[in-house]
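Notes to accompany the following structure.
All chains are named by letter (A, B, ...) in the order of the sequence lines, taking the proteins before the strands, and each is independently numbered beginning at 1.
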Amino acid sequence: MFKKVLVANRGEIAVRIIRACRELGMETVAVFSEADRNALHVRYADEAYLLGPAPSRESYLRADKIFEVARKSGADAIHPGYGFLAEREDFAEKCAEAGIKFIGPKASSIAAMGDKAEARATVIKAGVPVVPGTEDVGNMTNEQLLAKAPLIGFPLLIKATAGGGGKGMREVKSLEEMPALLQSARREAESSFGDGNVYLEKLVEGARHIEFQILADSHGNVVHLGERECSIQRRHQKLLEEAPSPFLSEELRQKMGSVAVKAAQAVDYVNAGTIEFLVDKDENYYFLEMNTRLQVEHPVTEMATGIDIVAEQIRIARGRQLSYAQEQIRFNGHAIECRVNAEDPFNGFMPSTGRITHSLLPTGPGVRVDTGVYPGFEITPFYDPMIAKLIVWGETRAQAILRMRRALEEYRIVGVRTNIPFHQTLMDSHRFMGGQFDTRFVEERFTMNDSAERDATSAEIAAILATLVAHQESERSAHIVRRGERDTSNWKWVGRWERMHR
Amino acid sequence: MFKKVLVANRGEIAVRIIRACRELGMETVAVFSEADRNALHVRYADEAYLLGPAPSRESYLRADKIFEVARKSGADAIHPGYGFLAEREDFAEKCAEAGIKFIGPKASSIAAMGDKAEARATVIKAGVPVVPGTEDVGNMTNEQLLAKAPLIGFPLLIKATAGGGGKGMREVKSLEEMPALLQSARREAESSFGDGNVYLEKLVEGARHIEFQILADSHGNVVHLGERECSIQRRHQKLLEEAPSPFLSEELRQKMGSVAVKAAQAVDYVNAGTIEFLVDKDENYYFLEMNTRLQVEHPVTEMATGIDIVAEQIRIARGRQLSYAQEQIRFNGHAIECRVNAEDPFNGFMPSTGRITHSLLPTGPGVRVDTGVYPGFEITPFYDPMIAKLIVWGETRAQAILRMRRALEEYRIVGVRTNIPFHQTLMDSHRFMGGQFDTRFVEERFTMNDSAERDATSAEIAAILATLVAHQESERSAHIVRRGERDTSNWKWVGRWERMHR
Amino acid sequence: MKYITTIESQEFEVEVIDERHIRIGERLIEVDFEAVSGQPVFSLIVDGRSYESFVYPGDEDWEVLLHGRQYQVKVEDEREKRLRAAAGGGVAETGEFHLKAPMPGLVVATPVSEGQEVKKGQVILILESMKMQNELKAPRDGVVGRVRVKAGESVEQKQRLLSLH
Amino acid sequence: MKYITTIESQEFEVEVIDERHIRIGERLIEVDFEAVSGQPVFSLIVDGRSYESFVYPGDEDWEVLLHGRQYQVKVEDEREKRLRAAAGGGVAETGEFHLKAPMPGLVVATPVSEGQEVKKGQVILILESMKMQNELKAPRDGVVGRVRVKAGESVEQKQRLLSLH
């Protein structure tokens, strides 16, 4: 039974896992890159060890160094979080060999589900419907994929075999543009997962992305914690998730839930995992993939069920039985998560880097923020742009939306641009409020800064604000010049300068 | 049916109420003193109006100015929060006269319960047990009180008739010390409530302070939301509250809950209120007083029941029926609140003022922070030292304590001293963990910084930290001198100074 | 001081009278204006209404972010306005455009070469940052001038990448 | 640089060798020491253990707040230590004591008067701040010197209130 957990990750998820360990009375070991010496996970852990330079390949992806830290610190378990080494079967295997408990599924389940092609083949055998694609072949060459594509039909998706989170994914409209897209998808997959393999999948149009959270213990018990609606995406990156889905009927929920449990059982699954489905407008659902790890969006399920998923992961890894049978799991109210990214929504969602100079978190009833950043922390270009998750709970979906609105309006992050205004615009959108959206909604039927929606008063206020700031600036620079002119002795300034730096 | 709510308060509770209004789609009006121009409630409200200078008597207690703001802004309801005008029957009455909805009880209930002497008389008639004291007389002179005291017996308490929150309260051990204590109690009562009247009450020894949250609508429905344990106090100021009380059996909870409902019914109560009891070690309980307003510690009940008390207050004031019948109210898990005060626990809990230069809030699952301050905000000596409330929820009391520990360790407030280390020490106390405490625990059986509990490693780490900081400081000052010597031209410094101020 | 403040095509005449008063058009307005915590976040109370906003200096304009909407605001004093009017108005659409790196990153590909004609919106460079491939597009039609970087190169924020004329 | 660092009666000999190394007693220790966000909050990693602490300058000592416990730490370099030893050690217990306002507030009462003898722990002034009456007590036995304030007066932080000799 382990006592000391090494968290092989960074950012908000490392902080989340460290908190869960601490609340269970377990010691924690953080690892960090040179860019992350002052990161929150380093500050909050009991122990912290440097892995290497900032790029992930030289730090967070260095399994060898992580094992060295585990040995040195005496950590007897590793939690991989999401991304990085979370879905690498060889890493899980080496943990087992080193006598370190991997807090996640068995290596064989990761292998079966991690290779998306094999996963599809496996669940088809278990009777689970899948999206048409290159189900039966892994590691195809570009030539093979180009030959197969017309048989699937366009539009189709190139997806990373080792993938997740939309990375290494490309949409293909025709055969002509496919070679270039294959190349860029492989490049992104290689840099994100260290594995450039890709496969093809038919693009289901007008679809919703709905996933089921699974928990399975080592005694053969498997339950699902209901679904998450994840259709609000941009470039296949999830931006907002909610639970429950406004689209699912109770009947469909039950049906898909038991299919999800079946899919997990097909690979003898243990620990937390997620079964992703596409659901079309006629309520047909297709297995997409299984994520054999904790998801970014797990908090919406936590808020809607009251179950601490990370704590359950640790209990499962310690060999305990699940704390809940399926019929004990209650769904209460509605939860929404907005991913706060360091991206400028008014400038093509361009990533934004820099030092956070100030921050004000929304707090109060029903609001949770999971973040790894704070004022003084530098957002570097080396890692994912997601800097925080804002999660709210309400008794109904309408209440949750109203609460999210006030929380977004309160949230201040200064020093980098964020996509908070995107979420604010989304919360005001009638289609979002009405639950009328699919995975293409953000890209095809949504605009930032629709000038028609601006009212005259706000424009006038914006004009007043800009004028007052501009006026203040020009007064200040004039003042500095005047001060400079007036001073006969500049020694006074030296004194001030030095006092400021004492 | 009102649409625009004036919040006649400041600090965290004003923010709390503004959030509730916003989540119900109502407009909000803030009022502020000259010291609070940049306070969070001013920033978060839709409208904000200056009342006057910093002292409460010239701002937040100026009912006339508040009515003027209500007229000017068109606010058709007032939420008084707690303290200030919350328990002033004349204020509630004037609201009614002005056609403004007072979000709270009727003036007659405030009068009946607000005058503590009258309250005691009223509940005695309804068959509720009370602590022996000067039950039948209000407004007694010092001479009358000194004559009555020996009949009650020492030790006894002087309490403010208009009081609450421990203000204007003094413990008296003998007749000799009573005149001086009467004077200081009256002075504090006058400055806190604008009413210097006091009464006497026998001091129940070894008692716990346990209170019941009541909700009552204007249709005659009254429910209780269970109890809060508030025995962790210092100088009669609550420091930590939890729900449920680790002391109460289910049987006693039921019994006291229905007595609390009876006490509220005795004054024809409407809206949210709290019945405070003392419970001795033999499970005898005595009515202490009713607080006819929202309590500071309402969030622990919200976390344990899932009911938004402020939202319910507003719904009740709008004439709605209660959303819950007694049997629909479920208690789930355990919640704890720590009051974070700007006080130095290592220096006699001396209040601390100054500008907050940095802050890092604990976040994550099961953690809520209600606060009115942020980095850049100045803590002034004019108001209450409570700057934040840290509330956690856990499935069990043990889990809640572990979660509170990690949240306290994460919480950073720089610029003023806080009592966070007090709460950390409390969370480590075996008596607190075991639920073995009464209202005298903090003062009589608790010490900060017990050197016996310090381990050798921590002392060494403290020595290293202090040495490194001292070394850095001395290096820096040496460096400044050296720079000054080396520089032949000091114009360079002027340039830097000016660049910094551009 | 009098300013001409423009949002899209809407002009506001704003006179700053003193710290607490401005005139906008004909209306005299009392303003209570404060920077929050020394940050580019500003609190403004006008007629009792409380507003809070980010105001950032842009390249030429001010960017005002208010209630989740962004306004591009040009503020000119009367002298500047007259000068601009005299110059014939409007910035030339044909001058040289320099593509600068919007953030530090790694150049993944430069799909155009010197002398090539490009259309507005065409991808002219791909930059990887935060594990995302960011496509930088031509802001107008033009001919590619010097390409200063190549695939695999790391670049700093605001570094010149290529020019268009 | 060598320091003698004292917590209560415990002495540590700490030598700061360079930015990453110190010697404590005989042990050479690698330290990774960082100020957080330019605040008096410090992160220290020693032997893989991660610590975070507030370190404030006190009147004579440093106050270190670590895991909810406060340590009063005296840090002297060798020269200071020798000087103090030569002076006979120990600060005089009998010098004049000046009571300063620990925070801004309103003087409520001055229960002592000039020339009066007071005992350690006796209340010598009552100051109202944050709606609380704060009793300021004599730190040792003594005789009251000049009382510089009277009831009803507002005082600034650190203002001298009265002296004790």
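With a 4.5 Å cut-off on non-hydrogen atoms, B:Leu468 touches chain D through its backbone and its side chain both. With a 4.5 Å cut-off on non-hydrogen atoms, B:Thr457 touches chain D through its side chain but not through its backbone. Residue D:Leu65 touches chain B through its side chain alone, counting heavy-atom pairs closer than 4.5 Å. For B:Ser191, the part lying under 4.5 angstrom from a heavy atom of chain D is the side chain only. For a residue to count as touching a neighbouring chain, one of its non-hydrogen atoms must lie under 4.5 Å from one of that chain's; by this rule D:Leu136 touches chain B with the side chain only. Interface remark: B:Ile464 contributes side-chain atoms only to the contact with chain D (heavy atom separation under 4.5 Å). At a 4.5 Å heavy-atom cutoff, the contact between D:Glu128 and chain B is made by side-chain atoms alone.
Of all residues spanning residues 349-356 of chain B, those with a heavy atom less than 4.5 Å away from chain D's heavy atoms are B:Met350, B:Pro351, B:Ser352, B:Thr353, arranged by number.
Shown here is D:Asp18, whose CG atom has more than 12 heavy atoms of other residues, nucleotides or ligands within 6.0 Å. Within 6.0 Å of the CZ atom in B:Arg57, the count of heavy atoms belonging to other residues, nucleotides or ligands does not exceed 12. Residue-environment remark: CD (B:Glu190) exceeds the threshold of 12 foreign heavy atoms within 6.0 Å. When the shell of 6.0 Å around CD of B:Gln183 is examined, it contains 12 or fewer heavy atoms from other residues, nucleotides or ligands.
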Exercise. Show your working on side chain to side chain contact (heavy atoms under 4.5 Å, CB included) between B:Ser474 and D:Tyr3 and close with a plain yes or no.
Key: CA-CA 12 Å; B:Ser474 78; D:Tyr3 297 90; 3.7 Å; yes

Quiz item: Is there a side chain to side chain contact (heavy atoms under 4.5 Å, CB included) between D:His67 and B:Asp455 once you walk through the steps?
Solution: CA-CA 11 Å; D:His67 293 149; B:Asp455 58 302; over 6 Å; no

Quiz prompt | Verdict with supporting geometry, B:Ser458 and D:Tyr71, side chain to side chain contact (heavy atoms under 4.5 Å, CB included) | solution = CA-CA 9 Å; B:Ser458 296; D:Tyr71 300 84; 3.3 Å; yes

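D:Trp62 and B:Ala466 get closest at one heavy-atom pair: CB-CB, 4.1 Å. Annotation for D:Gly68 and B:Phe346: closest pair O-CZ, 3.8 Å, computed over non-hydrogen atoms. The two atoms that bring B:Ala470 and D:Val75 nearest to each other are CB-CG1, 3.8 Å, heavy atoms only. Nearest heavy-atom pair, D:Ile7 versus B:Ala463, reported as atom, atom and distance to 0.1 Å: CD1-N, 3.9 Å.
Ranked by heavy-atom pairs under 4.5 Å with chain B, the list D:Gln10, D:Glu135, D:Glu52, D:Glu19 is led by D:Glu52. No other option in D:Val14, D:Ile22, D:Ile126, D:Val16 has as many heavy-atom pairs under 4.5 Å with chain B as D:Val16. If you tally non-hydrogen atom pairs under 4.5 Å between each of B:Glu460, B:Glu188, B:Gln424, B:Met427 and chain D, the highest count goes to B:Glu460. The greatest number of non-hydrogen atom pairs below 4.5 Å with chain D, out of B:Leu360, B:Ile420, B:Leu465, is found for B:Leu465.
By the 4.5 Å heavy-atom criterion applied to side chains, D:Phe42 and B:Gln472 are counted as neighbours.
Between D:Gln70 atom CD and B:Thr425 atom OG1 the span is 10.5 Å, to the nearest 0.5 Å. A distance of 11.5 Å separates OG1 in B:Thr467 from CD in D:Glu13, rounded to the nearest 0.5 Å.
B:His358 is linked by a ring pair (Phe, Tyr, Trp, His ring centres under 6.0 Å) to nothing, counting only residues two or more places apart in sequence or in another chain.
Relative to the ring axis of D:Phe54, B:Arg417 does not place its NZ or CZ within 45° and under 6.0 Å from the centre.
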